[in-house]
Protein chains: 2
Amino acid sequence: MDDITDPANLPRRKLSREERRLQLIEATISVIAENGFARTTLGEVARRAGLSHGLANFHFESKEKLLAATLDHLSDEYRANWQAALAVAGPHPADRIAALIAADFAPVICTPDRLAAWCAFWGEAQSRPLYQAHCGSNDAEYQRLLDGLCRELLALGGYPGDAVRMARVLRVTTEGVWLDLMTMQAPYDRDEALATVWAVAAAFFPRHFGPEGRLTV
Amino acid sequence: MDDITDPANLPRRKLSREERRLQLIEATISVIAENGFARTTLGEVARRAGLSHGLANFHFESKEKLLAATLDHLSDEYRANWQAALAVAGPHPADRIAALIAADFAPVICTPDRLAAWCAFWGEAQSRPLYQAHCGSNDAEYQRLLDGLCRELLALGGYPGDAVRMARVLRVTTEGVWLDLMTMQAPYDRDEALATVWAVAAAFFPRHFGPEGRLTV
DNA sequence: AGATTCTGATTGAACTGTCAATCAAAATGA
DNA sequence: TCATTTTGATTGACAGTTCAATCAGAATCT
């Protein structure tokens, strides 16, 4: 048949291996966000990517591995985002804490689809050790970093309190407002979510943070 | 524990309708906690309850309705717990806030199985409106109550800040440490979790709360 | 009380649909 | 040509649902 001139069968095999994988991963995020984890099927993922379902198994071997790769992707993306934010932040611990907080609300990361997918993975993580390691709360590097910054700022500002607990509150507050944005029927907006985290920072470090974030000296 | 939920004593036609429903719901919580939401089957629920799988459909019509009833049960239980705690608390807003916080860490509520089940429902709630309404963040009564208490305490103590945001931080910090207890590979214990919430209260209301909780005047 | 009838809880096998995985053939690119 | 990618039909397993048969206990009757 003459398919060369037919625009209907144009877009075959134009993406590289890595691009195809990414395309399937993005479709997976989208399906998880819309249908939830339990109702995510390879068929729906393939359909949304405009591909046949056999391809998912070709590129990922199994559904399980596709899901694991999807979580990996989200995890890498999240880490790259805060590391980039940190790279352009000043050396003062308050500046670095502010950068980390703000990074979590960057439009690239804080997308409805992505938040929903994170949420779904959290829900399943407890029963699947494979996922558990990649979930946010287990990023040891991030936690050590935030712990250290809080300790520095505590010493610098002469604040009372426990650095590890403060770091934990900052982290879980961010996760918590994320969860609110996903699960509430009438949620507040992203700015209000960020303001809520600033309220925590301001309560812990009142001379360095205010309701709008980092206080400029 | 309950003799109802113990499969050891094989109950052949001894339990009432309501008791049987409860038994199946408890089995469902257990299976969700162990296998996750996506891998929860009627067969496994029935096996764990020591009953045939046809019975689950007899009592609940469908798997979907069994899951909804399970969430309902968790939701009712949660509400009953904080309402009971509030009933025996003093009239001072700080005492009532302290009672609400402590209630969330009561051994009856703060059980591995129950936390895991909550977690799983959160993960699916975004894609299922039926669940969404019953998830913690949507308990309007609880939120209005906590908002009001924070507003009172703010006025009473002459503290600066936004009452609604403070109430939100207290709530999401609790949810957040719950999530930590579930999803972290090496989590801290329940006391440390509670202490983390006290740290927030102490930061917001330093003359009414300390690292150990409510300050006695 | 004892026998009979009634109710509805319970079982387990059969049915149905769905989904992940497989594979052979076709299309594509080098 | 040869290797790689893509398709789509097929397969096998498994889960949810249905249903006819069973059975224990309650209610009713004699």
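All chains are named by letter (A, B, ...) in the order of the sequence lines, taking the proteins before the strands, and each is independently numbered beginning at 1.
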J.: Whole Å only: how far is the CG atom of Leu67(B) from the C1' atom of dG16(D)?
T.: 12 Å

J.: Of the options dT7(D), dT17(D), dT5(D), whose atoms approach the side-chain atoms of Ser52(A) most closely?
T.: dT7(D)

J.: Using a cut-off of strictly less than 4.0 Å, decide whether Arg20(B) has a side-chain nitrogen or oxygen near OP1 or OP2 of dT10(C).
T.: yes

J.: What's the NZ-P distance between Lys63(B) and dT16(C), to the nearest Å?
T.: 21 Å

J.: Under 4.0 Å between a side-chain N or O of His59(A) and OP1 or OP2 of dT6(D)?
T.: yes

J.: Starting at CG of Leu42(B) and ending at P of dT18(D), how long is that distance when rounded to a whole Å?
T.: 12 Å

J.: Is it possible for you to check whether Arg20(B) lies under 6.0 Å from the centre of the six-membered ring of Phe58(B), through NZ or CZ, and within 45° of that ring's axis?
T.: no

J.: Between Glu175(B) and Arg168(B), is there a salt bridge with N-O shorter than 4.0 Å?
T.: no

J.: Please state whether the rings of Tyr142(A) and Tyr78(A) are parallel, tilted or perpendicular, taking 30° and 60° as the class boundaries.
T.: tilted

J.: Of the listed nucleotides (dT17(D), dT6(D), dA20(C)), which one gets closest to any side-chain atom of Phe58(A)?
T.: dT6(D)

J.: For the pair made of NZ in Lys65(A) and P in dA20(C), what is the distance, rounded to whole Å?
T.: 16 Å

J.: Taking atom P of dA24(C) as reference, at what distance in whole Å does atom CG of Asn57(A) sit?
T.: 16 Å

J.: Pick base, sugar-phosphate or nothing for His53(B), based on heavy-atom distances below 4.0 Å to the nucleic acid.
T.: base

J.: Nearest whole Å is fine: how far is dA26(C) P from Leu51(A) CG?
T.: 21 Å

J.: For Leu55(B), answer base if it contacts any base atom (sugar-phosphate contacts may also be present), sugar-phosphate if it contacts only those atoms, and nothing otherwise; contact means non-hydrogen atoms under 4.0 Å.
T.: base

J.: For Arg39(A) and Gly54(A), find the nucleotide of DNA chain C closest to each by heavy atoms; which residue's nucleotide sits nearer the 5' end?
T.: Arg39(A)

J.: To the nearest Å, give me how far apart CD (Glu44(B)) and P (dA15(D)) are.
T.: 10 Å

J.: Rounded to whole angstroms, how far apart are CZ on Arg47(B) and P on dG12(C)?
T.: 13 Å

J.: I'd like to know whether the aromatic ring centres of Phe37(A) and Phe121(A) sit less than 6.0 Å apart in this structure.
T.: yes

J.: What residue among Arg114(A), Arg48(A), Arg21(A) forms salt bridge (Lys or Arg N to Asp or Glu O under 4.0 Å) with Glu26(A)?
T.: Arg114(A)

